[in-house]
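By convention here, the first residue in the shown sequence is residue 1. Every heavy atom of this structure was used, including side-chain atoms; hydrogens, water molecules and symmetry mates were not.
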Amino acid sequence: MKKYEPICYLNGKFVRKSEAKISLWDLGLLRGYGVFDFIVTYKGGKPFLLNKHLKRLINSANLIGLTIPWKLQDLEKKVIATVAKNKNNKEKVVRIVITGGETKDGISIGRKPTLAILVQARHFYPDSIYKKGIKVITYEHNREVPQAKSLNYTQAVKAVSVAKKNKASEAIYVYKKLNKVYEGTQSSLFLVRKKEIVTPDGETLPGITRELILSICKKLYPTSMREVTIKELLNADELFISASNKEIQPVVKVDNKVIGKGVPGEVTKKIMAEFRKFVNSGRW
Ligand SMILES: Cc1ncc(COP(=O)(O)O)c(C=O)c1O
């Protein structure tokens, strides 16, 4: 059987993955200037919380000073059309990438931004991650434009490779000088202490999964978004990270410190169950 090749959208055309090409003078490539968003599907290929992701994408572009000609509805139509081109009822991940386009002098924004929509088969994490929990490391870094999903993930690439060397699944950005904890390289962070839920505020990406989890938590536990210290991180009763593809993953070890009893906690498990109920309901 012929291997399935995803169809992408690139600057107005649908093209096979192997035929999708951009200019070497694209500002995304030369300077890492651009933004993206990442969406998963459920229920046989239906993009999850698409509207919220597109709003964040447009906000990311604004935050880095990139003017784009597309309204939310234009982007929505393009994403739905691209997913439809890859129809096979299997779950997918969708990346929408917007860069500064082709630059004349290596630094000025191009005449037209590059818009690419990439679709791939969704990879699910093994059950053991959710049942046993994961180890994370701390990593010294604070993101340049924290509320934007900018293309520049240099530190994330480095941090994940350090995490792997330490047999950890994710790295959590901390800034020792200010005694602050932010988020994971590709995830939001939640702490549970005495049945209260906290997620770091301010200098973090407004995670779409985080927003949903916050609405679930608020109905069940005292919940807040505020500054979090490194000591609080290490002394939490329970910890978990969240992201579109990861969903909710319990954290049982930070560097060499075991969190709580070293297994996923009751509060985390309850929130995971409520999250699953919401996804399965299809009312999103
Ligand atoms: C830095 C960062 N924080 C948080 C998240 C989680 O965001 P979301 O829940 O919207 O997937 C991501 C996702 O990749 C991320 O890159």
Side-chain angles (χ1 to χ4, degrees), residues 6 8-13 15 17 20-41 47-83 92-104 106-120 141-160 173 182-188 202-212 242-246:
C8 311
Y9 171 96
L10 179 60
N11 293 332
K13 292 195 185 115
V15 282
K17 183 185 167 199
K21 306 268 189 291
I22 59 160
S23 163
L24 285 178
W25 276 262
D26 194 286
L27 214 46
L29 176 68
L30 291 185
R31 304 284 184 185
Y33 182 75
V35 291
F36 76 107
D37 220 289
F38 180 91
I39 301 168
V40 296
T41 72
F48 188 55
L49 306 176
L50 176 58
N51 219 273
K52 288 183 186 288
H53 281 278
L54 293 177
K55 263 192 201 149
R56 182 175 68 184
L57 177 67
I58 291 170
N59 191 48
S60 294
N62 284 337
L63 287 170
I64 68 157
L66 175 59
T67 307
I68 56 169
W70 310 283
K71 299 222 164 3
L72 192 142
Q73 287 73 16
D74 303 323
L75 293 169
E76 190 176 28
K77 276 188 204 147
K78 289 178 201 297
V79 169
I80 289 170
T82 314
V83 171
K92 299 168 181 68
V93 298
V94 183
R95 272 169 230 271
I96 311 158
V97 183
I98 306 179
T99 80
E102 198 171 4
T103 177
K104 284 214 171 83
I107 195 73
S108 308
I109 297 175
R111 219 168 27 85
K112 273 192 291 179
T114 296
L115 171 60
I117 303 172
L118 288 61
V119 177
Q120 271 177 302
H141 181 58
N142 59 346
R143 292 170 59 241
E144 194 187 6
V145 190
Q147 298 190 341
K149 215 160 155 62
S150 140
L151 283 185
N152 184 346
Y153 266 47
T154 306
Q155 290 299 324
V157 172
K158 193 174 159 201
V160 168
Y173 292 139
Y182 300 111
E183 60 191 327
T185 64
Q186 304 152 86
S187 56
S188 308
E203 292 144 85
T204 53
L205 185 77
I208 305 299
T209 324
R210 179 181 80 171
E211 190 186 325
L212 168 59
S242 72
S244 297
N245 205 22
K246 294 179 165 63

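- Residues Ser188 and Pro206 fail the side-chain proximity criterion, which asks for heavy atoms closer than 4.5 Å.
- The closest donor-acceptor contact from the side chain of Asp26 to the backbone of Ser23 lies at 3.5 Å or more, if one exists at all.
- Every side-chain contact (heavy atoms from CB on, under 4.5 Å) that Leu63 has, sequence neighbours left out, goes to Asn59, Val145, Gln147, Ala148.
- When all heavy atoms are compared, the tightest approach of Leu66 to Gly100 is CD1-CA, 3.9 Å.
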### Task
Take Asn142 and Tyr173, measure what side-chain contact (heavy atoms from CB on, under 4.5 Å) needs, and give me the verdict at the end.
CA-CA 6 Å; Asn142 59 346; Tyr173 292 139; over 6 Å; no
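- When the ring-ring contact (aromatic ring centres under 6.0 Å, His included) test is applied to Tyr33, no partner is found at least two apart in sequence or on another chain.
- At least one side-chain heavy atom of Glu183 sits less than 4.5 Å from a side-chain heavy atom of Leu205.
- Side-chain polar atoms of Asn152 and Thr154 form a donor-acceptor pair below 3.5 angstrom.
- The CG atom of Leu29 lies 6.0 Å from the CD1 atom of Ile22; values are rounded to the nearest 0.5 Å.
- Listed by chain and number, the residues in a side-chain contact (heavy atoms from CB on, under 4.5 Å) with Thr82 are Tyr9, Phe14, Asn86, Ile117, Val119 (sequence neighbours excluded).
- There is a side-chain donor-acceptor pair under 3.5 Å between Thr204 and Arg210.
- For Asp37 and Arg56, the salt-bridge test passes: some basic side-chain N is under 4.0 Å from an acidic carboxylate O.
- Applying the side-chain contact (heavy atoms from CB on, under 4.5 Å) test between Phe38 and each of Leu118, Val93, Val94 identifies Val93 as the sole match.
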### Message
What verdict does the side-chain contact (heavy atoms from CB on, under 4.5 Å) test give for Lys55 and Asn51, after you've listed the backbone C-alpha separation in whole Å, the side-chain angles of each residue and the deciding distance to 0.1 Å?
### Response
CA-CA 6 Å; Lys55 263 192 201 149; Asn51 219 273; 4.2 Å; yes
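- Ser108 contributes no side-chain N or O that, together with a main-chain N or O of Thr103, makes up a donor-acceptor pair within less than 3.5 Å.
- Annotation: salt bridge (charged side-chain N to carboxylate O under 4.0 Å, His left out) contacts of Glu102 (sequence neighbours excluded): none.
- The salt bridge (charged side-chain N to carboxylate O under 4.0 Å, His left out) check on Glu211 picks up Lys52, with sequence neighbours excluded.
- A donor-acceptor distance shorter than 3.5 angstrom exists from the side chain of Thr41 to the backbone of Lys92, with no hydrogens or angles considered.
- With Val35 as the partner, the side-chain contact (heavy atoms from CB on, under 4.5 Å) test is satisfied by one option alone out of Ile58, Asn62, Ile98: Ile98.
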### Task
With side-chain contact (heavy atoms from CB on, under 4.5 Å) as the test, would you mind laying out the steps for Ile107 and Leu30 before giving the verdict?
CA-CA 8 Å; Ile107 195 73; Leu30 291 185; over 6 Å; no
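- Gln186 is listed as a side-chain neighbour of Lys246, based on a closest heavy-atom distance under 4.5 Å.
- Looking at heavy atoms from C-beta onward, Ile39 lies in side-chain contact with Ile96 at the 4.5 angstrom threshold.
- Taking 4.5 Å as the limit, some side-chain heavy atom of His53 sits within range of a side-chain heavy atom of Ser244.
- Between Tyr182 and Arg143 the shortest side-chain heavy-atom distance does not fall below 4.5 Å.
- In this structure, the side chains of Phe36 and Leu151 come closer than 4.5 Å at one or more pairs of heavy atoms.
- With sequence neighbours excluded, the residues that form a side-chain contact (heavy atoms from CB on, under 4.5 Å) with Asn11 are Thr114, Leu115.
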